[in-house]
Structures are given as C-alpha cells and as structure tokens.
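Report on the structure given below.
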Amino acid sequence: MKIDTVGVIGAGTMGNGIAQIAAVAGLKTILIDVTDAALAKGIATLTGSLERLVAKDKLAASARDAALARIETSTDYQRLATADIVIEAATENAELKVRILRQIETVVRADAIIASNTSSISITALAATLDKSERFIGMHFFNPVPLLPLVEVIRGVQTSEETAADVRELTERLGKSPIGVKNSPGFVVNRILVPMINEAFFVLQEGVATAEEIDAGMRLGANHPIGPLALADLIGLDVCLSVMDVFLKDFGDSKYRACPLLRELVAAGHLGRKTRRGVYRYD
C-alpha cells in the first residue's frame with residue numbers, strides 16, 4: 001500500500017511532532033483535535049520546532065514552508081476520509097483511545113491503516129474493539145518526536161503481515177528506525193525505562209539523595225544523557241504514573257507499584273515541563 005496522506009489525532013506534544021515529521025517527509029498531513037485552540041497551539045509548537053531546525057541549518061527555509069503547506073487542521077473527523085493511515089496520539093487512557101479509534105473507523109476507507117501511539121496499552125485489546133482489526137497496529141514514537149529516531153512497531157494478535165510491512169516502510173520514510181515488537185505491556189523501551197524512573201522517585205522519597213544528585217549519578221555513572229527525574233519531567237509525570245498503573249494491572253506484580261511521591265506530584269498538578277513544575281521548576 002502506498003501511503004501519501006497521514007491523519008494524526010491529537011495536536012499535543014506527540015501529535016504535533018508526528019505531524020511535523022510526516023509533513024517534512026513530503027506527506028499530506030491532516031491534524032485533528034477537539035478545539036481550534038488546541039490545534040493553534042499545536043501548530044505554533046510545530047512551527048517553532050521547524051524554525052529551530054532552520055536556524056541550525058538542519059532544514060532549508062523552503063522545506064519548512066513546504067512542510068507547513070502540507071498540513072491541514074480540523075476538528076472534523078470526516079476530513080480523515082482521504083487518509084491512508086491515521087495515527088491516534090491522544091492521552092494514555094484506554095477508554096479515551098477506544099472511543100477515538102472507533103470514531104476513526106467510521107470515517108476512513110476500509111483499507112486504511114489505523115495506528116495508536118500508545119506507550120503501554122495492549123495493541124491486541126485495542127484491535128479487538130475494531131471491525132477491521134487486521135489493519136490496526138501500534139506505532140510508538142518517542143519524545144521529542146522530531147529528534148529521537150526510534151519507533152516501536154507493535155503487532156497485535158490480529159495485525160496482518162501486510163499492515164506491519166506497510167508501517168515499517170512508512171516509518172523509514174519518516175526518517176525513523178523501526179524495531180518490531182510483540183504485544184506486551186510497555187513493549188520494550190518503557191518496560192525497562194519507566195520502572196527505572198519510578199525507582200528514582202522512591203530513592204528521592206526516601207531522602208537517599210537530592211533530585212540533582214540522583215540525576216547526576218545516572219548521567220555520570222551510567223552514561224545517561226539525562227537523569228531519570230529530569231526525564232520524567234520531560235515525559236510528563238502523569239504519563240509515567242499511567243504507565244506504571246498499566247504495568248501493575250496487567251502484570252499483577254507489586255514490583256510495578258507506583259511510588260507514592262510520583263502519585264502525589266501528579267495529584268498536585270505538578271506534571272513536569274508542560275506545567276512548568278514537576279520534580280524541578282521551569283520558570
């Protein structure tokens with residue numbers, strides 16, 4: 001299947017990043033969100049990202065303008081009728097994702113691919129809610145989408161070989177490196193990464209070291225480019241908590257219990273960079 005038009009649901013951090021790389025790759029891109037304000041914010045973020053690439057001589061000004069011209073925004077799902085693939089990039093909430101995926105399926109062509117950018121929810125379970133489950137797959141991009149090269153391509157039990165092959169080819173056209181992953185909670189990267197972040201919160205909660213010292217320890221001692229607590233702020237503390245809760249539910253193993261400090265910060269609305277306060281302040 002030749003993919004020329006990409007739909008993206010959600011103009012937030014992940015959605016606008018996916019829309020950006022699709023448009024830069026020469027694909028017509030339809031960005032959908034529930035309000036014009038959310039779309040405007042997403043386009044502003046996307047435009048700023050492109051401007052930085054131009055300023056660093058990583059993208060020509062003409063390529064930036066061409067990419068922006070390829071992006072259409074709308075609050076109307078009917079605009080997705082021409083899409084060859086639609087990538088859902090909504091909040092990590094299973095019920096919300098199911099509602100969105102079902103809505104997508106009512107408007108796209110029967111042969112269109114539907115993908116989810118979920119970081120932890122079962123692809124098999126999501127596929128089971130759709131009529132054309134063989135055309136459903138996981139595409140887990142990483143934040144920031146324009147910069148990080150990895151995409152986990154996750155097949156559910158129902159996903160067809162053709163769908164998987166088409167999505168791997170698309171991933172490479174987007175300038176990313178795909179890895180094939182079996183359906184399992186957290187897949188590969190988050191299965192390893194988020195429990196490590198959660199453990200860093202336990203170390204902080206117990207007063208073993210300050211946040212700065214914990215992050216410095218992992219940067220200098222484990223050669224990580226960013227410390228786990230700073231990374232949690234970048235990912236979003238609410239996202240980290242949601243992933244841990246999914247792990248605890250799906251694996252039934254207490255080792256995936258979310259740190260109470262993480263839960264407390266989320267309850268306070270301290271979600272990280274996106275709220276200007278998480279483990280650290282971003283004034």
Going by atom type alone, with no hydrogens or angles, which donor-acceptor pairs under 3.5 Å involve a side-chain atom of residues 247-273 and a protein atom two or more places apart or on another chain?
residue	atom	partner	partner atom	Å
Asp253	OD1	Lys255	N	3.0
Tyr256	OH	Arg191	NE	3.3
Arg263	NH2	Asp245	OD1	2.8

Cluster check Leu150, Ile87: I/L/V/M/F/W/Y, side chain < 4.5 angstrom: no
Expected output: side-chain Arg277 to main-chain Arg281 donor-acceptor under 3.5 Å: no
For Ile100 versus Ala90, what's the shortest heavy-atom pair and its separation? CD1-CB, 3.5 Å
Give a yes or no on this: more than 12 heavy atoms of other residues, nucleotides or ligands lie within 6.0 Å of atom CZ of Arg276. no
Please lay out, stage by stage, how Ser177 and Val151 fare under the test side chain to side chain contact (heavy atoms under 4.5 Å, CB included). CA-CA 6 Å; Ser177 299; Val151 176; over 6 Å; no
Check whether more than 12 heavy atoms from other residues, nucleotides or ligands sit under 6.0 Å from atom CG of Asp4, and answer yes or no. yes
Correct closest heavy-atom pair for Thr124 and Val157 would be OG1-N, 3.0 Å
What verdict does the salt bridge (charged side-chain N to carboxylate O under 4.0 Å, His left out) test give for Asp238 and Lys274, after you've listed the backbone C-alpha separation in whole Å, the side-chain angles of each residue and the deciding distance to 0.1 Å? CA-CA 11 Å; Asp238 53 334; Lys274 60 189 172 185; 2.9 Å; yes
Quick one: side chains of residues 131-140, donor-acceptor pairs under 3.5 Å with protein atoms, not counting sequence neighbours, listed by atom name and distance.
residue	atom	partner	partner atom	Å
Arg135	NE	Asp111	O	3.2
Arg135	NH1	Thr163	OG1	3.2
Arg135	NH2	Asp111	O	2.5
His140	ND1	Glu152	OE1	2.8

Is a side-chain donor or acceptor of Arg70 paired with a backbone partner of Ala23 at a separation under 3.5 angstrom? yes
Side chain to side chain contact (heavy atoms under 4.5 Å, CB included) assessment of Asn143 paired with Ile235: CA-CA 7 Å; Asn143 183 29; Ile235 294 169; 5.6 Å; no
Output, in order, the C-alpha distance, side-chain angles, deciding distance and verdict of side chain to side chain contact (heavy atoms under 4.5 Å, CB included) for Gln20 and Val145. CA-CA 9 Å; Gln20 175 183 324; Val145 176; over 6 Å; no
Of Asn93, Val246, Ile123, the one forming a side chain to side chain contact (heavy atoms under 4.5 Å, CB included) with Thr118 is Ile123
Atom of Pro178, atom of Arg168 and distance for their closest heavy-atom approach: O-NH2, 3.8 Å
Between Leu80 and Ile9, does a side chain to side chain contact (heavy atoms under 4.5 Å, CB included) hold up when you go through it step by step? CA-CA 10 Å; Leu80 298 170; Ile9 305 294; 3.6 Å; yes
Ion pair check, Asp84 and Arg109, cut-off under 4.0 Å: yes
Between Asn16 (side chain) and Ile43 (backbone), is there a donor-acceptor pair under 3.5 Å? no
